[in-house]
There are 2 protein chains.
Amino acid sequence: MTAMTPQTRSEPDLSFLLDHTSHVLRTRMAAALAEVGLTARMHCVLVHALEEERTQAQLAEIGDMDKTTMVVTVDALEEAGLAERRPSSADRRARVIAVTEEGARVARRSQEIVDRVHRETLAALPEDEREALLSAMRRLVGGVLAEPVESPRPARRARQSG
Amino acid sequence: MTAMTPQTRSEPDLSFLLDHTSHVLRTRMAAALAEVGLTARMHCVLVHALEEERTQAQLAEIGDMDKTTMVVTVDALEEAGLAERRPSSADRRARVIAVTEEGARVARRSQEIVDRVHRETLAALPEDEREALLSAMRRLVGGVLAEPVESPRPARRARQSG
DNA sequence: TATTGTTATACTCTATAACTATA
DNA sequence: TATAGTTATAGAGTATAACAATA
């Protein structure tokens with residue numbers, strides 16, 4: 001979004017290009033998924049819970065969410081009747097996320113929506129460019145842009161008692 | 001960040017690729033710019049204010065920021081002695097952002113940092129892929145991914161008087 | 001009446017801290 | 001002692017509302 005390079009220069013503004021495209025795609029995806037009442041996170045949890053038996057911690061890992069964010073996401077899925085928390089037979093601390101029949105139906109539709117939005121976006125590109133784009137992005141994700149640099153977060157006050 | 005497509009499928013997950021790369025690049029850029037005491041927004045305002053005489057509203061437009069976000073960004077630049085608010089000669093409501101000498105020096109360094117981070121990132125790609133990536137991204141920004149879809153924001157309570 | 005910049009603040013998002021139950 | 005999940009809430013980020021000065 002934020003243009004990092006003035007228009008009078010010819011350097012490619014990779015930051016702007018990535019920020020803008022990811023932001024716009026995100027809004028489009030959110031709007032499309034809203035049709036079936038899901039957020040991107042709910043979709044993510046749903047499809048990965050459907051694949052195999054997974055606990056909240058495992059799903060949080062996959063979706064790169066904090067465990068507290070996972071709590072509210074699973075709350076939303078339960079409230080919508082799309083998933084349920086079940087005790088894990090292997091570890092009594094853990095909860096397995098079981099997708100309901102309705103949840104499975106919605107997940108099928110939401111995955112179609114996701115694929116369609118991706119397809120429509122990529123369809124705007126000539127095929128060779130499309131392939132190169134995907135290949136380049138995968139190379140970045142696997143290489144230089146694999147891991148975020150983390151900045152030291154400021155300390156936090158203890159919680160108010162009462 | 002959020003994987004939109006389970007690993008067992010072969011559809012390209014454009015959302016994940018864009019979200020991940022833009023997020024990681026953003027953290028790298030933030031860390032690199034912190035060396036000269038700037039945020040990405042401060043850099044953005046600084047270089048565009050340096051190009052020609054511009055008001056806060058114009059700079060907000062360029063950086064796609066809200067005008068209230070611009071206020072705090074300019075506050076930070078003024079506090080750091082890198083820019084100053086000056087009354088516009090054309091419109092007495094408006095403030096032109098004037099970059100100080102120190103601001104110009106810092107802007108030159110921060111632009112070098114931005115270019116370097118972009119160059120280092122793109123250097124990880126074979127040249128043909130690099131060119132295709134940039135071309136594809138520009139095509140998306142100019143086409144299907146030009147404008148965000150906006151979702152209706154929930155209304156807001158009036159401000160407390162007192 | 002509309003717009004620039006400002007202040008105050010509501011709201012969202014996310015993560016930290018503290019806790020319970022279990023490993 | 002460490003981990004899974006939960007609750008409460010701190011704090012960052014951002015945008016809306018209202019306002020003063022000016023167009």
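Per chain, numbering begins at 1; letters A, B, ... match sequence-line order. The figures here come from the full heavy-atom set of this structure, side chains too, leaving out hydrogens, waters and symmetry mates.
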What integer distance in Å separates [X]:[atom1] from [N]:[atom2]?
{"X": "His23(B)", "N": "dT14(C)", "atom1": "NE2", "atom2": "C1'", "answer": "12 Å"}
{"X": "Arg54(A)", "N": "dA4(D)", "atom1": "CZ", "atom2": "C1'", "answer": "17 Å"}
{"X": "Asp66(A)", "N": "dT9(D)", "atom1": "CG", "atom2": "C1'", "answer": "14 Å"}
{"X": "Leu59(B)", "N": "dT4(C)", "atom1": "CG", "atom2": "C1'", "answer": "13 Å"}

- Pair Val24(A)-Val141(B), side chain to side chain contact (heavy atoms under 4.5 Å, CB included): steps then yes or no: CA-CA 9 Å; Val24(A) 174; Val141(B) 168; over 6 Å; no
- Message: Categorize Thr55(B) for me: base, sugar-phosphate, or nothing, with a 4.0 angstrom heavy-atom threshold over every strand shown.
- Response: sugar-phosphate
- Terminal axis angle for the helix from dT1(C)-dA23(D) to dA23(C)-dT1(D), five pairs an end, nearest 10 degrees: 0°
- Task: Strictly below 4.0 Å, heavy-atom distances to any atom of DNA chain D: list the hits from residues 77-86 of chain B, or just say none.
- Result: none
- Note on the structure: Residues in residues 67-75 of chain A with a heavy atom under 4.0 Å of DNA chain C, by number, are Thr68(A), Thr69(A)
- Item | Selection: residues 91-100 of chain A, any non-hydrogen atom under 4.0 Å of DNA chain C | Asp91(A), Arg92(A), Arg93(A)
- Item | Summary of salt bridge (Lys or Arg N to Asp or Glu O under 4.0 Å) pairs that have at least one residue in residues 39-51 of chain A, sequence neighbours excluded | Glu51(A)-Arg54(A)
Tell me, please, which residues at least two apart from [X] pass salt bridge (charged side-chain N to carboxylate O under 4.0 Å, His left out).
{"X": "Arg93(B)", "answer": "Asp91(B)"}
{"X": "Glu11(A)", "answer": "none"}
{"X": "Glu131(B)", "answer": "none"}
{"X": "Glu61(A)", "answer": "none"}

- Please state whether the phosphate of dA4(D), meaning OP1 or OP2, lies under 4.0 angstrom from any side-chain nitrogen or oxygen of Gln58(A). no
When you compare the protein's N or O atoms with those of nucleotides 11-13 of chain D, which come within less than 3.5 Å of each other, and at what distance?
| from | atom 1 | to | atom 2 | distance (Å) |
| --- | --- | --- | --- | --- |
| dG11(D) | OP2 | Arg157(A) | NH1 | 3.4 |

- Residues in side-chain hydrogen bond (donor to acceptor under 3.5 Å, both in side chains) with Arg108(B), at least two apart? none
- Taking only residues two or more places apart in sequence or in another chain, which ones pass side-chain hydrogen bond (donor to acceptor under 3.5 Å, both in side chains) with Thr27(B)? none
- Query: When you measure from the side chain of Ala57(B), which nucleotide among dT4(C), dT16(C), dG5(D) comes out closest?
  - Reply: dT4(C)
